[in-house]
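Quick notes on the structure that follows.
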Amino acid sequence: MDNLTRVAKVTYKRWKNPDEGDAAAFAGRSDDEVQGTDSEICTVTSSSVDSGDGPDSVGSNKTTTTETGTFTVDDALEAIGFGVFQWKISLLTGLSWVGDAMEMMILSILGPELHCEWSLPSYQVALITSVVFIGMGFGSPVWGNVSDKYGRKVGLTICMCWTFYYGILSAFAPIYGWLLALRGFVGLGIGGAPQSVTLYSEFLPVKARGICIVLIGAFWAIGAVFEVLLALWVMPTLGWRWLLGLSALPMGLFVCFCFWLPESPRFDVLAGRREKALETLARIAKDNGKPMPQGTLTVYKQTNRGQLKDLFSPQYRKTTLLLWFLWFANAFSYYGIVLLTTELFQAGDLCTVTQGGKIEPRCSLECQYLTPADYKDLLWTTLAEFPGLLVILLAIDYMGRKKSMALCFFMFSLCVLPLFACIGRITLTIFIFISRAFISGGYQVVFVYTPEVYPTETRALAMGTSSAIARIGALITPFVAQVLLRTSVYVTLAVYCACGLVAGIASLLLPIETLGRGLQESNLDQEVERPATPSQSYGTTQSTEQG
């Protein structure tokens, strides 16, 4: 009886980029090569099968080479494509975005109501808004760190439960102090909302990522519009407590359906949970009706995830600093134009205002409830979000992320310039509408760019810290749009115009364009400039299965 003896030969070789050497010879190997980055050792295994007994087998030297192909999460997502699963997760993550928008829009409605009902001075009314932004500033990096260490699903689910709980409790606040504390806790929870974008982006193929993340921004616009309509229905009859309670319902719906939400396979791979990642990928393939790639899933196991120092490594230092400024400029300009809208409309004769160069301050105890006309104006300005999304949808995959951001900032500054002149209310409304459309579009681009430029091990932390920096801009802008405006209209407008110009230049200075680029898994990946293809991810070349 023939006895088959398998002789295995294992050699170790430092992998180099095939583009720099003999690519043809490299690609033609029949060995099983699992290649890493320049700092990794790859294993090359060849197996020969020889017959052990019999004269015919001694000198036959018959050799059969076996090989197992490898693939990454990027390869799997490209093979599976965009389908039913992505539509489902779009709706679920979009639900958290709706809740975030409603909790933010309520700030512009709650203030005037409490100003009258509780006879609050202006600084206490402003503090209700500020404490939410302060909570977001502290919460964003915390939730980012949790998401990088324990999982995107874990971080997002906990922060949504937190926001829903304190959002409901704030409706029962008996006095001003309790309301202030509870809204601060709501802000702490809202700080984790950007992690929905982190999670969502890690389920998308390269070609669909830009458009899909921008479309997720449509849920924010829908939430903002819905909050205004809800306030128009609830406030005249039921009051602000019912508005606070009903505004938390989207968060509650998310909590009810979050059991369906899978963990990101990219995070599972980085955590060394290969089987769980394969189970998630198989689930996506089943929903989309596509086959899974054949072979072994490549694993990059990282134990030290979510470290702030990684954002300032030589590879990412310039990107991090520029992005933090862009997030700051987006929030500063976006909330600034929202506040300017109300201030300029309430100023009355705009020609008198621009010629006088300042707006006279109002009495801090003056009480004025929002009227249906006010809600209508608020609704019209909120609808500016949708044209902004349309512009970005047309530009982001043609111009690239950097140029799209620059376009939005430059157009924002251009639309602020006419406000220096004596223009009528209709013309003022048009230019404010256009400027808000472009700055909201720029906000969506930075949400697309940030998760694309950082690797999986620091992606959530990068989103969290960037969001925290944005809250600083949101905290500062009321002092410009409301306080400085009463001293000098021209200086106020000049600040916003200059901010847009500088941010546009900063967008072009970003060192990495992420259009068509696969998501990196680790800081070890060095090929940051070359776009990924379905058969190649950054820092890793997969061997294909041969007969």
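Keep in mind that this is a model prediction, so the values were computed, not measured.
- Using a 4.5 Å heavy-atom cutoff, the side chains of Ile472 and Phe328 are in contact.
- Relative to the six-membered ring of Trp260, Arg283 meets both conditions, a distance below 6.0 Å and an angle of at most 45° to the axis.
- If you look at Tyr165 and Phe185, their ring centroids are not closer than 6.0 Å.
- Glu113 has no carboxylate O lying under 4.0 Å from a charged side-chain N of Arg241, or vice versa, which leaves the two without a salt bridge.
- Aromatic rings of Tyr335 and Phe133 (six-membered ring for Trp) have centroids within the 6.0 Å cut-off, being under it.
- Side-chain atoms of Gln86 come within 3.5 Å of backbone N or O of Gly83 as a donor-acceptor pair.
- When the shell of 6.0 Å around CZ of Phe325 is examined, it contains more than 12 heavy atoms from other residues, nucleotides or ligands.
- To the nearest 0.5 Å, the span separating CZ on Phe412 from CG on Leu501 amounts to 10.0 Å.
- For Phe172 and Trp178, the gap between ring centers reaches or exceeds 6.0 Å.
- Salt-bridge check for Glu452 with Arg401: passed, with a basic side-chain N closer than 4.0 Å to an acidic carboxylate O.
- Taking the side chain as every heavy atom from C-beta outward, Leu243 and Leu238 never approach each other to under 4.5 Å.
- When ring centroids are compared, Trp97 and Tyr200 stay outside the 6.0 Å threshold.
- The main-chain N or O of Ile432 is found under 3.5 Å from a side-chain atom of Ser435 such that the two form a donor-acceptor pair.
- Side chain of Asp287 to backbone of Val84: no donor-acceptor contact under 3.5 angstrom is found.
- Within the 4.5 Å cutoff, the side chain of Thr280 has heavy atoms near those of the Phe203 side chain.
- Proximity of a side-chain donor or acceptor of Arg152 to a complementary backbone N or O of Ser147 within less than 3.5 Å is detected.
- Under the 3.5 Å distance criterion, with hydrogens and angles disregarded, a donor-acceptor pair is assigned to the side chains of Tyr454 and Thr320.
- Of the charged side-chain nitrogens involved, none lies within less than 4.0 Å of a carboxylate oxygen, so that Asp148 and Arg459 do not count as a salt-bridged pair.
- In terms of modelled atom types and a separation under 3.5 Å, the side chain of Glu263 and the main chain of Lys153 share a donor-acceptor contact.
- A donor atom on one side chain and an acceptor atom on the other are found under 3.5 Å apart for Tyr334 and Arg436.
- Taking the six-membered ring wherever Trp is involved, the centroid distance between the rings of Trp233 and Trp242 does not fall below 6.0 Å.
- Between Leu156 and Phe254, some side-chain heavy-atom pair lies under the 4.5 Å cut-off.
- Ring pair Trp162/Tyr166: centre-to-centre distance below 6.0 Å.
- Side-chain atoms of Tyr496 and Thr477 include a donor-acceptor pair closer than 3.5 Å.
- In terms of modelled atom types and a separation under 3.5 Å, the side chain of Ser170 and the main chain of Gly167 share a donor-acceptor contact.
- Between the side chain of Asn145 and the main chain of Pro141, no donor-acceptor pair closer than 3.5 Å is present.
- At least one donor-acceptor pair under 3.5 Å links the side chain of Gln195 to the backbone N or O of Ala460.
- The local environment of CZ in Phe433 is crowded, with over 12 non-hydrogen atoms from other residues, nucleotides or ligands closer than 6.0 Å.
- Looking at Arg183 and Val186, their side chains come closer than 4.5 Å, going by heavy atoms from C-beta outward.
- Two residues are said to be in side-chain contact when any heavy atoms from C-beta on lie closer than 4.5 Å; Leu311 and Thr465 meet this criterion.
- Ile392 is listed as a side-chain neighbour of Cys408, based on a closest heavy-atom distance under 4.5 Å.
- Proximity of a side-chain donor or acceptor of Ser488 to a complementary backbone N or O of Val491 within less than 3.5 Å is detected.
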side-chain hydrogen bond (donor to acceptor under 3.5 Å, both in side chains) between Trp220 and Ser440, intermediate numbers included: CA-CA 10 Å; Trp220 205 99; Ser440 64; over 6 Å; no

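- Considering only heavy atoms from C-beta on, Pro418 stays 4.5 Å or farther from Thr427 through its side chain.
- Ser96 contributes a side-chain N or O that, together with a main-chain N or O of Thr93, makes up a donor-acceptor pair within less than 3.5 Å.
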